[in-house]
Trainee: 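The structure's right below; bear with me while I get my questions together.
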Amino acid sequence: MNVDAQALINKMTSNYAQTIAIKDQQLAMAQVQIDQLNAKLAEKEAPRDGKNA
């Protein structure tokens, strides 16, 4: 394999890995938001002073 082809493959692999890392970060942030919303929902649904029991 010539040097130019290997360099291109390396760059594409690096770009792909970077894209995956960004998507992982976005998923982690979305999961935090989901957890926060679930916590808010649980607070709303929790019985208070015998209400909603």
Side-chain angles (χ1 to χ4, degrees):
M1 187 179 313
N2 69 36
V3 175
D4 289 340
Q6 187 61 53
L8 179 61
I9 289 169
N10 290 346
K11 182 164 179 59
M12 291 174 66
T13 301
S14 176
N15 288 349
Y16 184 64
Q18 193 172 21
T19 300
I20 291 172
I22 291 168
K23 292 296 178 191
D24 282 347
Q25 187 178 23
Q26 289 172 335
L27 286 171
M29 292 188 310
Q31 187 60 55
V32 168
Q33 289 178 321
I34 289 168
D35 292 344
Q36 290 171 341
L37 289 170
N38 280 334
K40 279 185 181 179
L41 185 61
E43 283 179 20
K44 284 188 172 185
E45 291 182 346
R48 284 165 286 191
D49 300 324
K51 297 176 186 169
N52 301 333

Trainee: Just checking Q6: does its CD atom have more than 12 heavy atoms from other residues, nucleotides or ligands closer to it than 6.0 angstrom?
Mentor: yes

Trainee: Out of curiosity, N2 CG to L8 CG, how far, rounded to the nearest 0.5 Å?
Mentor: 10.0 Å

Trainee: Who are the side chain to side chain donor-acceptor pair (under 3.5 Å) partners of Q36, not counting sequence neighbours?
Mentor: none

Trainee: I need the L27 CG to I34 CD1 distance, nearest 0.5 Å.
Mentor: 9.0 Å

Trainee: Tell me whether M12 at atom CE has more than 12 heavy atoms from other residues, nucleotides or ligands lying less than 6.0 Å away.
Mentor: no

Trainee: Got a sec, which residues hit side chain to side chain contact (heavy atoms under 4.5 Å, CB included) with A17, two or more places apart in sequence or on another chain?
Mentor: none

Trainee: Could you check N10, I9, N15 and say which one makes a side chain to side chain contact (heavy atoms under 4.5 Å, CB included) with T13?
Mentor: I9

Trainee: Could you tell me the separation between the CD atom of E45 and the CG atom of N38, rounded to the nearest 0.5 Å?
Mentor: 9.5 Å

